[in-house]
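Single-structure report; data block below.
In this text the structure is predicted, and so the values were computed from the model without any measurement. Labels below follow one simple rule: chain letters A, B, ... track the order of the sequence lines, proteins then strands, and each chain is numbered from 1.
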There are 2 protein chains.
Amino acid sequence: MAILRPSITTGPDHNISDVPSVVIQRLPLYVRVLAYFEGNEYEMVSSEQLAGRLQMTPAQIRKDLSYFGKFGKQGRGYNVKRLAAELRRILGLDRSWNACLVGVGRLGRAIISYPGFQPEGFRVVAAFDADSALIGSEVGELKVDPLGDIPVKVRRLNIRIGIVAVPAQHAQGVIDRLVDAGIRAILNYAPIAAQVPPNVRVANIDPVLGLQSMTYYLKNARG
Amino acid sequence: MAILRPSITTGPDHNISDVPSVVIQRLPLYVRVLAYFEGNEYEMVSSEQLAGRLQMTPAQIRKDLSYFGKFGKQGRGYNVKRLAAELRRILGLDRSWNACLVGVGRLGRAIISYPGFQPEGFRVVAAFDADSALIGSEVGELKVDPLGDIPVKVRRLNIRIGIVAVPAQHAQGVIDRLVDAGIRAILNYAPIAAQVPPNVRVANIDPVLGLQSMTYYLKNARG
DNA sequence: ATACGCTTGTGATATAAATCACGGCCGGCG
DNA sequence: CGCCGGCCGTGATTTATATCACAAGCGTAT
Ligand SMILES: NC(=O)c1ccc[n+]([C@@H]2O[C@H](COP(=O)([O-])OP(=O)(O)OC[C@H]3O[C@@H](n4cnc5c(N)ncnc54)[C@H](O)[C@@H]3O)[C@@H](O)[C@H]2O)c1
Ligand SMILES: NC(=O)c1ccc[n+]([C@@H]2O[C@H](COP(=O)([O-])OP(=O)(O)OC[C@H]3O[C@@H](n4cnc5c(N)ncnc54)[C@H](O)[C@@H]3O)[C@@H](O)[C@H]2O)c1
C-alpha cells in the first residue's frame, strides 16, 4: 500500500532509465529507514524489518532493490551500512547539491532558514525576487538578487535545483525562467500544475491538496 | 501521467468507498482548475480543456468523474460552476473544517499564520505544545495549550484534523495521542512513516523526499 | 425536421504496479 | 560435512490504473 512518497511530475511522458519512477520515489524512504536502523546499532536488516517500518510488503522492497543489483545475502538480510551507502550513491546523495530560491516572502524566508535541507546535502546558495525593495537586502546569509541574474548565478554557482515560492500567478513564469537557465529539477510550493518540458522534474509541495482529499474520507467516516 | 497529487496514507489496506483513492486525490486538482476557468469567465469546459491544464488525458478526467455521476452534456462539456460545486460537495469542501496544530516551533508558527488554509475552509482553532515555557503564551490569535488538553479541545471545538509539526522522534507519540482523541485525518510535516489504524488518513508533507528522488534524475541527466 | 459537429460516459482493452511463490544460497549447528 | 531455518532475487501471476474507442446525446444550422 502506498506510503509517504512525494509526487514528482515531468512534461509529456519521459522516463530516463527503465526504472519506474514510483520505485525511484521509494528509495529515499529506504534510505531514511536504514538511517533509523543504523542509529539503533543494527548491522543487518531483512526486507521484512524494513517493510514493517514502512507499512509495505517485503517483496516490494526486494523487487525495488533488484532494479539496481543484489545487495542482500540469503538467510541474513542486508548490511545496513552498505545498503544505505549503495542507495545514496544510486540517488546521487553521496554529494551535495546547490539550489536557488525564487520568491523571498514569508515562505521563502522559512525555507532559507529551514535546517532540514543542509544535513541531507542540499544547500540554498542564491535567492531571487522581483520586488526591487528586497533586491540587495540580506536574508539569512544570502543577498537577494534580481531575476535577471538567474542564468549567470545558476552557471557560476553550479545550481541544479530551483525552489519556487512565489504567488501562484507568477509561478509558471518563474519556472519558465529557471528552465531556460538550465535548471532540471524544481521544488514547487505554489499551488499550480506547472508545465515543463519532458526532461524537467517538478516536486510539488501542497498541504492544501492533502487536506482536501482527506475531507472526503472524514465526511464519509463511520468514526 | 502522474500529476501533483499528494500522497495519502492509511493503516493496513482500507478504502471506505469503492472509489480508488488515486481518484479522490485528483479531485482537488479538478476543483482548482475549475476555479481557474471560473475566474476566466468560462461558462463551460470540456474534459479536454481541463486535461490540458493538468497534463493528463481527457479520458481519465471523464472516468474519474463517472465514479460520482454524470455532470456533463454531450457536445458541450461541463458547466464550470456546477461541476466545481459538485466536486466540492463530494469532497466535503462545502463546509469548513477545524484543525489543531501540535508543535508550535518555527514551522508551527508559520502554519498558524499561513493564509492558504482559511480561504479553502480549513481553520486552525487550537495549538498544543509540550514545552511548558510556551504553554499559555499567545501565538497569532491562539493560546498554546498543553498536550493533555487535546481530548477535551478536540471534542469541544469539533476538531477533525490534526497538524503535526514536532521533531521526528516525537511525531509518532503525538500522532497516537491525536488518534486516541478521535482525530481521523492528520497532516504530518515530520519526516516519518507514521503508523496509524486503518481508519485514519495521513497526508505527509516532506520536501526532502522530493529533492532526494529528483537528484536521481539530475545525476543521470543528459542536459 | 434532419443532418452535423462536438463531447460525454463507459465497457473493453492495454499498461503498470504489486504480490506471490519458490529455487537457490547463506551460515550455523550437530 | 551435510542438514536446516531463514531470507534473498525474480519470473509468473494478480491486481490496480490508465487509455481506447464508440454509441448516444446535445445544440445549432440549414
Ligand atoms: N506549499 C506550502 O506549504 C506553502 C506554504 C506557504 C505558502 N505557499 C505558497 O508559496 C507562495 C508564496 O507564499 P508567501 O506566503 O511566501 O507569499 P509572500 O507574498 O509572502 O511572498 C511572495 C514573494 O514572491 C515575490 N514575487 C512575486 N512575484 C515574483 C516574481 N514574478 N518573481 C520573483 N519573485 C516574485 C514577492 O516579491 C514576495 O517576496 C504562494 O504561492 C503560496 O501559495 C505554499
Ligand atoms: N515538511 C516540511 O516542510 C517541514 C519544514 C520544516 C520543518 N519540518 C519538520 O517539522 C518539525 C518541526 O520543525 P521546527 O523547525 O518547527 O522545529 P522546532 O524545534 O522549531 O519546533 C518544534 C516544536 O515542537 C515542540 N515539541 C517537541 N516535542 C513535542 C511533543 N512531544 N509534543 C508536543 N510538542 C512538542 C517543541 O516544544 C517545539 O515548540 C520537524 O519534524 C521538522 O523536520 C518539516
Take atom CE of A/M56 and atom P of C/dA18, then tell me their distance rounded to the nearest Å.
->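 Rounding to the nearest Å, CE of A/M56 and P of C/dA18 are 8 Å apart.
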What is the distance from CZ of A/F71 to P of D/dC8, rounded to the nearest Å?
->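 These atoms are roughly 14 Å apart.
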Within 6.0 Å of CD in B/Q169, more than 12 heavy atoms from elsewhere =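 Correct, the count exceeds 12.
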More than 12 heavy atoms of other residues, nucleotides or ligands under 6.0 Å from NZ of A/K219: is that the case?
-> yes
With sequence neighbours excluded, what pairs up with A/R82 under the salt bridge (charged side-chain N to carboxylate O under 4.0 Å, His left out) test?
->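 Partners of A/R82 under the salt bridge (charged side-chain N to carboxylate O under 4.0 Å, His left out) test: A/E86.
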When you measure from the side-chain N and O atoms of [X] to the phosphate of [N], is any distance below 4.0 Å, counting only OP1 and OP2?
X     : N      : result
A/K70 : D/dT10 : yes
B/Y67 : D/dT17 : no
B/S47 : C/dT8  : yes

Check A/Q195 against B/R53 and note the closest heavy-atom contact, atom names and distance.
->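 A/Q195 and B/R53 have their closest heavy atoms at NE2-O, 3.6 Å.
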Would B/D64 and B/Q60 count as a side-chain hydrogen bond (donor to acceptor under 3.5 Å, both in side chains) if you check the C-alpha gap in whole Å, the side-chain angles of each, and the deciding distance to 0.1 Å?
-> CA-CA 6 Å; B/D64 285 356; B/Q60 177 152 73; 4.9 Å; no
Listing time: all N or O pairs from protein to nucleotides 20-23 of chain D that are below 3.5 Å?
residue: D/dA21; atom: N6; partner: B/R62; partner atom: NH2; Å: 3.2

With the criterion being N/O to N/O and under 3.5 Å, what pairs connect the protein with nucleotides 26-28 of chain C, and how long is each?
residue: C/dC26; atom: O4'; partner: A/Q74; partner atom: O; Å: 3.3

